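Report on the structure given below.
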Amino acid sequence: MIRFSYGAATSPGRVRQVNEDSYLAIPPLFVVADGMGGHGAGDLASRIAVEEMTKCVALRPLFAEAVLTALEHANRQIIERDAANRMGTTATGLAGLETAGGDHLMVFNIGDSRVYRLVGHLLEQLTVDHSEVQELVLAGVITREQARTHPRRNVITRALGGDSGRIPDHWLLPAVGGDRYLVCSDGLFSELPDEVIQPLLAAGSPQQAAEALVTAACDAGGRDNVTVVVVDIDSDNDGADEATLPREALSSSWDGHA
Ligand code: MN
């Protein structure tokens, strides 16, 4: 069983009146949703996403299909509640899965909110943004750092609330004790480069880190809503041992068929 420690913080920032971000932080599910649409639509869309995701929190064990189905339901709910088709939301996060082969984390993403992993001092972005500027980065037209402040950085290519929202990216990782994860909206990394995020994320408890990051993004301009969820995989769980199990299980069943 994976044990989590976690903290969360959110702010409308220093420019916007409404916070259209929503988040969920109930083990084993951690989600950030960044709504768009304005006029009460963006915050509704992100709230719907979080409400739908909350429905699978109580499942034991939580499994990948349940999380993906919840995202699909959120997509449909947003379309049904939005006749004018104006609203949408990102949905990005981390789910602890207790699979037959051991403890895993599923990272999932639709849109341009992000999941990062901090291992020691190494900060690594795990998700790939669904955005115009990300496509320019992949094409070698602009750098990752130029994308961060690019005027069209807000244009996303996939979101919940439309046809494009049906297929989230998702990855499975072993749950390794001592790793720290960051789930955040673009209001964080638009204001702060990785080298500023890294030491703030690394310091203190998950709650202290979440609050420090949101404060720093606001101090740097706070031009967008900013939401941060910080999740630690506790070292005293036995996931590190179990992480070797899937490979053994896989090879023995392969041998059986050979
Ligand atoms: Mn945003």
Side-chain angles (χ1 to χ4, degrees), residues 8-25 30-51 53 71 74-75 78 82 86-94 107-116 125-137 144-162 164-165 168-169 181-194 196-197 200-201 210-230:
T10 188
S11 167
R14 298 173 74 175
V15 174
R16 309 217 171 160
Q17 301 298 312
V18 179
N19 193 342
E20 297 187 311
D21 289 357
S22 298
Y23 70 88
L24 168 65
F30 305 90
V31 186
V32 166
D34 178 349
M36 61 213 81
H39 307 290
D43 49 326
L44 176 61
S46 70
R47 247 188 354 257
I48 291 171
V50 162
E51 277 166 20
M53 301 299 289
L71 287 165
N75 189 51
I78 292 166
D82 179 27
R86 284 182 310 128
M87 68 180 181
T89 184
T90 72
T92 304
L94 194 65
V107 169
F108 52 91
N109 178 52
I110 299 171
D112 68 346
S113 301
R114 289 183 180 171
V115 177
Y116 293 81
Q125 181 186 336
L126 299 179
T127 49
V128 179
D129 300 344
H130 300 136
S131 66
E132 264 191 21
V133 290
Q134 174 64 23
E135 290 178 13
L136 293 176
V137 170
R144 194 165 171 271
E145 180 55 24
Q146 286 170 328
R148 211 172 59 75
T149 53
H150 194 280
R152 289 182 66 80
R153 66 183 179 275
N154 291 327
V155 182
I156 67 172
T157 51
R158 274 160 74 180
L160 291 182
S164 67
D169 288 340
Y181 287 83
L182 163 66
V183 188
C184 63
S185 60
D186 65 334
L188 182 73
F189 56 82
S190 297
E191 297 292 359
L192 307 175
D194 287 357
V196 174
I197 292 176
L200 292 171
L201 177 63
E211 289 173 12
L213 285 164
V214 168
T215 300
C218 290
D219 289 347
R223 280 156 283 200
D224 192 5
N225 308 147
V226 53
T227 301
V228 170
V229 178
V230 177

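Numbers for residues simply follow the sequence, beginning at 1. What you see is a predicted model; the values in this text were computed from it and never measured. Whatever order the structure lists them in is the order used to number ligands and atoms, beginning at 1.
Here D34 meets the criterion, with an N, O or S atom under 2.8 Å of the Mn ion (ligand 1). D224 lies close to the Mn ion (ligand 1), since one of its N, O or S atoms is found at a distance under 2.8 Å.
A donor atom on one side chain and an acceptor atom on the other are found under 3.5 Å apart for N19 and T10. Side-chain polar atoms of T89 and S46 form no donor-acceptor pair below 3.5 angstrom.
Nearest approach of G161 to I78, heavy atoms of both residues: CA-CG2, 3.6 Å.
Under the 3.5 Å distance criterion, the side-chain polar atoms of T90 are matched with a main-chain donor or acceptor of D34.
Nearest N/O/S atom of D186 with respect to the Mn ion (ligand 1) is recorded as OD1.
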